[in-house]
Amino acid sequence: QVQLVESGGGLVQAGGSLRLSCAASGRTFSSYAMGWFRQAPGNERAFVAAITWSGGSTYYAESVKGRFTISRDNAKNTVYLQMNSLKSEDTAVYYCAAARTQLIPISTKFYDYWGQGTQVTVST
């Protein structure tokens with residue numbers, strides 16, 4: 001069982017930055033690939049970024065590539081999403097998720113555990 005708690009969301013102006021954190025409970029955190037997804041009102045939950053259990057590989061949605069960076073610290077059971085050059089279209093609830101796999105899943109159906117989400121609002 002893995003419990004995930006996101007933090008770091010908030011209101012930021014366009015062009016600004018935020019860093020989201022996702023703290024995981026459980027001793028097997030390093031066994032999980034981790035992902036970030038987001039969901040805007042009226043939209044389905046969409047893939048943002050993911051990282052392998054070791055942190056050696058990452059993958060990003062095209063819409064955030066070059067602006068967002070995913071990383072993890074297995075000693076702290078935490079995964080991060082650094083978001084720079086934020087745009088109004090980045091406004092959404094952001095969720096972290098854990099998948100027990102050595103791959104990098106980009107579909108929600110491959111993730112086993114989810115956090116409650118943190119709101120990110122980018123104002124223009």
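Numbers here simply count residues along the sequence, with the first being 1. Basis for what follows: all heavy atoms, side chains included, without hydrogens, waters or symmetry-related copies.
Annotation: the span from Asp73 atom CG to Ser21 atom OG amounts to 10.5 Å, rounded to 0.5 Å. Note: Trp114 CH2 to Leu4 CG = 10.0 Å, rounded to the nearest 0.5 Å. Between atom OG of residue Ser30 and atom CG of residue Asn77 there is a gap of 7.5 Å, rounded to the nearest 0.5 Å. From Thr52, atom OG1 reaches atom CD of Gln102 across 9.5 Å, with rounding to the nearest 0.5 Å. Taking CZ from Arg38 and CZ from Phe68, the interatomic distance works out to 5.5 Å, rounded to the nearest 0.5 Å. The CZ atom of Arg72 sits 12.0 Å away from atom OG1 of Thr58, with the distance rounded to the nearest 0.5 Å.
Between Glu6 and Gln116 the shortest heavy-atom distance is OE1-N, 3.1 Å. Closest approach of Ala40 to Thr91, counting heavy atoms only: CB-O, 3.8 Å. Shown here for Ala98 and Met34, the closest heavy-atom pair between the two residues is CB-SD, 3.6 Å. Between Thr124 and Ala14, the shortest heavy-atom distance links the atoms CA-CB, 4.5 Å. Scanning both residues, Arg67 and Asp90, for their nearest heavy atoms gives NH1-OD2, 2.8 Å. Between Val79 and Ser71, the shortest heavy-atom distance links the atoms CG2-O, 3.1 Å.
Note on Phe47: it does not cluster hydrophobically with Tyr113, by side-chain heavy-atom contacts below 4.5 Å among ILVMFWY residues. Hydrophobic clustering (ILVMFWY, side-chain heavy atoms < 4.5 Å, transitive): Trp36 and Ile104 are in distinct clusters. Hydrophobic clustering (ILVMFWY, side-chain heavy atoms < 4.5 Å, transitive): Leu86 and Tyr60 are in one cluster. Connection of Val12 to Leu81 is established within a shared hydrophobic cluster, with ILVMFWY side chains joined at heavy-atom distances below 4.5 Å, either directly or through further cluster members. Placement of Ile106 and Tyr32 in two distinct hydrophobic clusters is found when ILVMFWY residues are connected by side-chain heavy-atom separations under 4.5 Å, directly or transitively.
A donor-acceptor pair under 3.5 Å links the side-chain atoms of Thr78 to the main chain of Lys76, judged by distance alone. Gln39 places no side-chain N or O within donor-acceptor distance of the main-chain N or O of Glu44, the cut-off being under 3.5 Å.
The shortest side-chain heavy-atom distance between Tyr94 and Gln119 does not fall under the 4.5 Å cut-off. Looking at heavy atoms from C-beta onward, Ser57 lies out of side-chain contact with Ile51 at the 4.5 angstrom threshold. For the pair Leu18/Val120, a side-chain contact is recorded, criterion being any heavy-atom separation below 4.5 Å from C-beta on.
A cation-pi arrangement is not found for Arg100 relative to Tyr111, the charged atom failing to lie both closer than 6.0 Å to the ring centre and inside a 45° cone about the ring normal. A cation-pi arrangement, defined by a distance under 6.0 Å to the six-membered ring centre and an angle within 45 degrees of its axis, is present between Arg45 and Tyr95.
Counted by atom type alone, Asn84 and Ser17 present one or more donor-acceptor pairs between their side chains at under 3.5 Å.
Shown here is Tyr59, whose OH atom has no more than 12 heavy atoms of other residues, nucleotides or ligands within 6.0 Å. Residue Gln13 places its CD atom among 12 or fewer non-hydrogen atoms of other residues, nucleotides or ligands, all under 6.0 Å distant.
Taking the six-membered ring for Trp and the full ring otherwise, Trp53 and Phe29 have centroids separated by 6.0 Å or more.
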